[in-house]
Student: 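Quick one: structure below, then a few questions.
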Amino acid sequence: MIFNGIDHIRHKESDNFFLLAGPCAIEDEALALKIAERIVRITDDLKIPYIFKGSYRKANRSRLDSFTGIGDEKALKILRKVNETFGVPTVTDFHSAPEAAMAAEYVDMLQIPAFLCRQTDILVAAAETGKVVNIKKGQFLSAGAMKFAVDKVRESGNPNVVITERGSTFGYQDLVVDYRGIPEMKETNECPVVMDITHSLQQPNQSSGVTGGKPELIETIARGAIAVGADGLFIETHPDPASAKSDGANMLHLDKLENMLKRLTILRQAVNQL
């Protein structure tokens, strides 16, 4: 399980799903701490193992003038501050092999972006840090094809792998979730599988150059994932999605998170009894 690679995650004894959640990008320290404080309180109340998520840089943007970050070191230090302040693990994505060691100095889990999940040098570099490696399934890949990405990490000496489903390309400007892939990836790879709820509701490649989304379906996607046995959920959230500097169109408003997680916890308890 994921807990084998992250010692200080809370509520390990819980039968609940685990949660990776936070803003899409690190925008500033005050906002990151505000979001983390709120989610820590909620997850402690619901006994949900929690990992704070935030990207120190957004390398994959449609337009040259899109926000990419506040500076790598500055953002990574904010991720460390979240860990030190609230005692929760952190996760961030990175975008090239040399960045793996840099990011690993600040976070507990390294995330491979979906578009990069076939890049051998990136997977090997992540594995060699010894951190838990979360591989996002490419929008262009079948569930079965993820076996080879997982094998690259394990064969590089790191057994601590997580797979994240984030939808499959459906036409030019939409994604669809095939829930069959969650149990298939769990069985084939014998590792935790996460459902990235908010990114699976993206509508990429819009003519404006700004990604769209369907946030009204966030809970629908989450319920389906819990029902078919997802081990964890990935949710990007923000106190004001409309003003978020990245992926605001598909993020969950922070005020909606608590009640949704309460309902999902009830659903998880029901699934556990089956």
Side-chain angles (χ1 to χ4, degrees), residues 1-4 9 11-21 42-43 46-51 53 91 109 111-112 114 117 132-151 160-171 174-203 213-237 250-252 256-274:
M1 274 297 290
I2 185 176
F3 310 136
N4 293 334
I9 192 167
H11 311 301
K12 295 180 187 180
E13 73 288 348
S14 171
D15 288 330
N16 218 338
F17 53 86
F18 62 88
L19 178 68
L20 284 65
I42 294 168
T43 53
L46 296 173
K47 301 295 187 291
I48 297 173
Y50 172 52
I51 301 170
K53 182 271 167 186
V91 57
M109 175 189 286
Q111 183 169 285
I112 311 296
C117 70
V132 176
V133 180
N134 179 26
I135 312 173
K136 284 200 169 183
K137 182 180 79 64
Q139 304 92 320
F140 46 85
L141 287 180
S142 68
M146 285 302 291
K147 174 184 184 302
F148 305 106
V150 171
D151 285 348
N160 298 315
V161 186
V162 179
I163 301 173
T164 293
E165 169 62 59
R166 51 98 70 237
S168 299
T169 299
F170 187 68
D174 210 353
L175 298 166
V176 66
V177 177
D178 181 354
Y179 286 103
R180 298 175 299 176
I182 292 175
E184 179 181 351
M185 289 188 289
K186 287 181 63 171
E187 181 177 356
T188 301
N189 300 286
E190 297 182 340
C191 69
V193 174
V194 174
M195 181 73 231
D196 180 346
I197 302 163
T198 45
H199 283 108
S200 69
L201 291 168
Q202 282 183 332
Q203 293 181 305
K214 295 182 178 180
E216 67 274 10
L217 294 175
I218 286 173
E219 187 162 344
T220 300
I221 298 295
R223 289 185 182 194
I226 295 298
V228 299
D231 301 289
L233 300 178
F234 179 110
I235 302 171
E236 289 187 340
T237 183
N250 52 269
M251 275 202 276
L252 180 70
K256 296 182 178 180
L257 181 65
E258 183 169 9
N259 285 336
M260 186 183 78
L261 290 178
K262 286 179 179 178
R263 292 189 289 269
L264 294 175
T265 294
I266 292 170
L267 179 58
R268 172 68 175 217
Q269 291 170 348
V271 170
N272 287 343
Q273 293 173 8
L274 295 177

Student: Can you check whether L175 reaches Q139 side chain to side chain, under 4.5 Å on heavy atoms?
Tutor: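 Of all side-chain heavy-atom pairs linking Q139 with L175, at least one is under 4.5 Å.
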
Student: Rounded to the nearest 0.5 Å, what's the gap from CG on L264 to CD1 on I197? Could you check?
Tutor: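 Reported to 0.5 Å precision, the distance equals 6.5 Å.
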
Student: Rounded to the nearest 0.5 Å, how far apart are CG of L267 and CG of L261?
Tutor: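 Between atom CG of L267 and atom CG of L261 there are 12.0 Å.
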
Student: Within the side chain of N272, is there an N or O that forms a donor-acceptor pair under 3.5 Å with the backbone of D15?
Tutor: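 Judged by distance alone, yes, a pair lies under 3.5 Å.
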
Student: Nearest 0.5 Å please: distance from the NE2 atom of H199 over to the CG atom of N250.
Tutor: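 Interatomic distance, H199 NE2 to N250 CG, rounded to 0.5 Å: 6.0 Å.
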
Student: Check the pair M260, I235 against side chain to side chain contact (heavy atoms under 4.5 Å, CB included), reporting the backbone distance first and the verdict last.
Tutor: CA-CA 11 Å; M260 186 183 78; I235 302 171; 3.5 Å; yes

Student: Can you list the steps and then say if K47 with T265 is a side chain to side chain contact (heavy atoms under 4.5 Å, CB included)?
Tutor: CA-CA 9 Å; K47 301 295 187 291; T265 294; over 6 Å; no

Student: Of all the heavy-atom pairs spanning R268 and A230, show the shortest one and how long it is.
Tutor: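 In terms of heavy atoms, the two residues are closest at NH1-O, 3.1 Å.
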
Student: State, to 0.1 Å, how close G229 and I182 come at their nearest heavy-atom pair, and which atoms those are.
Tutor: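 In this case the closest contact between G229 and I182 is C-CG2, 4.3 Å.
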
Student: Taking the side chain as everything from C-beta on, heavy atoms only, tell me whether N16 gets closer than 4.5 Å to H11.
Tutor: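 No, every pair of side-chain atoms sits at 4.5 Å or beyond.
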
Student: Test side chain to side chain contact (heavy atoms under 4.5 Å, CB included) on I221 and E165 and set out the steps.
Tutor: CA-CA 11 Å; I221 298 295; E165 169 62 59; over 6 Å; no

Student: Minimum heavy-atom separation for A149 and C117, please, with both atom names.
Tutor: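 What the structure gives for the nearest pair is CB-O, 3.7 Å.
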
Student: Show the nearest heavy-atom pair for residues T198 and E236, with the distance to one decimal.
Tutor: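 Minimum heavy-atom separation between T198 and E236: OG1-N, 3.1 Å.
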
Student: Give a yes-or-no answer on whether the side chains of N134 and T164 include a donor-acceptor pair shorter than 3.5 Å.
Tutor: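 Distance-only check passes for N134 and T164.
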
Student: May I ask you to test the V194-F18 pair for a side-chain heavy-atom distance under 4.5 Å?
Tutor: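 They are in contact (side-chain heavy atoms under 4.5 Å apart), so the answer is yes.
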
Student: Between Q202 and R166, is there a side-chain heavy-atom distance shorter than 4.5 Å?
Tutor: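 Heavy-atom side-chain distance check passes, below 4.5 Å.
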
Student: Check the surroundings of atom CZ in F140: do more than 12 heavy atoms from other residues, nucleotides or ligands lie under 6.0 Å from it?
Tutor: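 Yes, because the 6.0 Å sphere around CZ of F140 holds more than 12 heavy atoms from other groups.
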
Student: Could you state the interatomic distance from CZ (R223) to CZ (R263), rounded to the nearest 0.5 Å?
Tutor: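 Answer rounded to 0.5 Å: 6.5 Å.
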
Student: T188 side chain to M185 main-chain N or O, any donor-acceptor pair under 3.5 Å?
Tutor: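 Looks like no, no N/O pair under 3.5 Å.
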
Student: With a 4.5 Å limit on heavy-atom distance, are the side chains of D174 and K214 in contact?
Tutor: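 Answer yes - side chains close enough.
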
Student: Quick one: does F234's side chain get under 4.5 Å of Q111's, heavy atoms only?
Tutor: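 A side-chain contact exists here, since the closest heavy-atom pair is under 4.5 Å.
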
Student: Hey, does I226 have a side-chain heavy atom less than 4.5 Å from the side chain of L233?
Tutor: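 SC-SC contact between L233 and I226 confirmed.
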
Student: Give me the atom names and distance for the closest heavy-atom approach of Y50 to A21.
Tutor: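 In terms of heavy atoms, the two residues are closest at OH-O, 2.9 Å.
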
Student: Can you list the steps and then say if L20 with M109 is a side chain to side chain contact (heavy atoms under 4.5 Å, CB included)?
Tutor: CA-CA 10 Å; L20 284 65; M109 175 189 286; 3.9 Å; yes

Student: Distance-only, no hydrogens or angles: does the T237 side chain make a donor-acceptor pair with backbone N or O of L252 under 3.5 Å?
Tutor: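 Such a contact is found between T237 side chain and L252 backbone.
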
